[in-house]
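Some notes on the structure that comes next.
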2 protein chains.
Amino acid sequence: MPGTRSLRSDARRNYDLIVAAAVAEVARSGAEASLEKIARDAGVGSATLHRHFPSRQALLEAVFHDRVEGLCAQARELTGAADPGRALADWLRAVAVHGATARGLAASLLASGRDPSPPSSSSCEFMLHDAGSMLLRRARDAGAARPEVSMDDLLTMVNAVSLATEDGPYAARLVTLAIEGIHPGPA
Amino acid sequence: MPGTRSLRSDARRNYDLIVAAAVAEVARSGAEASLEKIARDAGVGSATLHRHFPSRQALLEAVFHDRVEGLCAQARELTGAADPGRALADWLRAVAVHGATARGLAASLLASGRDPSPPSSSSCEFMLHDAGSMLLRRARDAGAARPEVSMDDLLTMVNAVSLATEDGPYAARLVTLAIEGIHPGPA
DNA sequence: ATCCAAACGGGGTGGCACCCCGTTTCGAGC
DNA sequence: GCTCGAAACGGGGTGCCACCCCGTTTGGAT
């Protein structure tokens, strides 16, 4: 939410009401929740919702913003970990589990990655990419990641798993599988 | 389409018209295509479409049936291949690419795996599971796959990638990544 | 206190999934 | 080849939705 300065007080209050209602409704019904119902719950007209959030995508980004910031903070903590390979793996699992649990987070990230929208610096995808890059670099330096694997690859993979499972533990299992590969490893 | 016997001739003709229209429309607009439009294009009333296909899922399964059969046939061919590990990998890539290309195939498979629908023996998911199991068994026997990796794991992973990419070559790349793992391998 | 741009929201539009039920059509039995 | 009941059809209705228009209200700078 950059430039929040210029919002009039009533606009700002409605913005917050809408996000609060959206958080509750998305938790209950997933990312396909009715925007009309969210507006109704927030006590605003549907036009107001559409004015603040021109697309469903925009609203979802606001809804998941806190969660994504949490993941970014976690990435920052893990940057100092002793085992960079494990740190990266742990973080990717955490992202997948959050995406699978918070139904729609994955879809949200995914869409923001593909749509003709400039990935603004506050978008979920950009934030995660940024936070994860450090972990990947360290893992690569430690010889724990192939050099040709990019952060985009990893985020897409993790989003994919989130999208497909929407179930925490199983999402973690699949991410582990993708990290380790299916061959009987040296480990 | 088991039990097609009992369909009256006009019903059968409409069934085929609907599937044909659906194939075209899904190719154009993806799996979220309007069912009303499909019915209109097929020249039938929307009620007729809903009578033949009680859910979007049911229609999509019919739409992708041929494609899935092709993949199953490919699996059967690959069963005799010299390198079982490579055969499995090739097939998984093929499934991912088809799923990503035929927009909605992945979503179709996915939903059929999670919904409260008994995976009928003709469902996409069942057919692919069946066909792939042979390849996985051979790969495992050849020491090219960890024993704890299941066909469900692999299909979910491949569907996930299809869902997330909808782009052939990149889907293949991600599947390869998942198969090999991200660590610098012995290969 | 004034004023106007910013924000609001009721209500309209068009599209959709899904269903009801009166009408048409098939095809089995004669 | 006719009859007739069952099977299938489809126009139109319902309710929900996203999204927008535009007359009305309100904040806050002056």
Side-chain angles (χ1 to χ4, degrees), chain A residues 1-22 24-26 28-63 103-104 107-108 111-112 115-117, chain B residues 1-22 24-26 28-63 103-104 107-108 111-112 115-117:
Chain A
M1 291 125 218
T4 297
R5 309 308 113 215
S6 56
L7 274 189
R8 231 169 63 173
S9 66
D10 54 346
R12 178 148 203 24
R13 188 163 40 81
N14 280 335
Y15 180 99
D16 292 341
L17 285 172
I18 291 169
V19 172
E25 190 55 25
V26 166
R28 197 178 317 126
S29 319
E32 297 303 301
S34 157
L35 299 182
E36 299 270 317
K37 173 156 178 45
I38 289 172
R40 239 177 288 126
D41 289 355
V44 304
S46 65
T48 298
L49 185 148
H50 285 285
R51 200 174 315 111
H52 281 295
F53 304 99
S55 68
R56 175 180 297 273
Q57 186 54 29
L59 179 54
L60 288 178
E61 296 230 343
V63 166
R103 316 180 348 150
S108 166
S112 81
D115 275 0
S117 67
Chain B
M1 293 123 223
T4 297
R5 309 308 115 215
S6 54
L7 274 188
R8 230 167 66 172
S9 67
D10 53 346
R12 176 143 204 37
R13 188 163 40 80
N14 281 335
Y15 180 101
D16 291 341
L17 285 172
I18 291 169
V19 171
E25 189 55 26
V26 166
R28 196 178 316 126
S29 320
E32 298 304 301
S34 156
L35 300 181
E36 299 270 318
K37 174 156 176 47
I38 290 171
R40 238 176 288 127
D41 289 355
V44 305
S46 64
T48 299
L49 185 148
H50 285 285
R51 201 174 314 112
H52 279 296
F53 304 98
S55 68
R56 176 180 296 273
Q57 186 54 29
L59 178 55
L60 287 178
E61 296 230 342
V63 165
R103 313 175 356 144
S108 166
S112 80
D115 274 359
S117 67

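Owing to the predicted nature of the structure, the values given are computational and were not obtained by experimental measurement. Naming: A, B, ... by sequence-line order, numbering from 1 per chain.
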key: Nearest-0.5 Å distance that lies between atom CD in Glu61(A) and atom CD in Gln57(A)   = 5.0 Å
Solution key, residues 43-51 of chain A side-chain donor-acceptor pairs under 3.5 Å, sequence neighbours excluded:
none

query = When you list every nucleotide of DNA chain C with an atom under 4.0 Å from a heavy atom of chain B, which one comes first 5' to 3', and which comes last?
reply = dC16(C) to dG27(C)
note = With sequence neighbours left out, the residues meeting side chain to side chain contact (heavy atoms under 4.5 Å, CB included) with Ala58(A) are Phe53(A), Pro54(A), Ser55(A)
inquiry  = Quick test of your reading: applying salt bridge (charged side-chain N to carboxylate O under 4.0 Å, His left out), list the pairs with at least one residue in residues 34-44 of chain B, sequence neighbours left out, ordered by first then second residue.
reply    = Lys37(B)-Asp41(B)
ask   = Going by number, which of residues 48-55 of chain B have a non-hydrogen atom under 4.0 Å from DNA chain D?
value = Thr48(B), Arg51(B), His52(B)
ask   = Out of curiosity, His52(B) NE2 to Leu7(B) CG, how far, rounded to the nearest 0.5 Å?
value = 6.5 Å
remark   = Residues at least two apart in sequence or cross-chain that pass side chain to side chain contact (heavy atoms under 4.5 Å, CB included) with Asp16(B), listed by chain then number, are Arg12(B)
request  = Compare every heavy atom of Ile38(A) with every heavy atom of Ala21(A), then report the nearest pair and how far apart it is.
outcome  = CB-O, 3.6 Å
task = Let me have a per-nucleotide readout for nucleotides 25-30 of chain D, 5' to 3', with B, S or -, counting only protein heavy atoms under 4.0 Å.
result = -BSS--
ask   = Between atom CZ of Arg56(A) and atom CG of Leu35(A), what is the distance when rounded to the nearest 0.5 Å?
value = 4.0 Å
query = If you look at every strand shown and take non-hydrogen atoms under 4.0 Å, does Ala11(B) touch a base, only sugar-phosphate, or nothing?
reply = sugar-phosphate
query = Minimum heavy-atom separation for Ala31(B) to Leu60(B), with atom names?
reply = CB-CD1, 4.1 Å
message = To the closest 0.5 Å, what do you measure between CD1 (Ile18(B)) and CG (Leu59(B))?
response = 8.0 Å
Got a list of protein N/O to nucleotides 15-17 of chain D N/O distances below 3.5 Å?
| unit_1 | atom_1 | unit_2 | atom_2 | d |
| --- | --- | --- | --- | --- |
| dC17(D) | OP1 | Ser34(A) | OG | 3.4 |

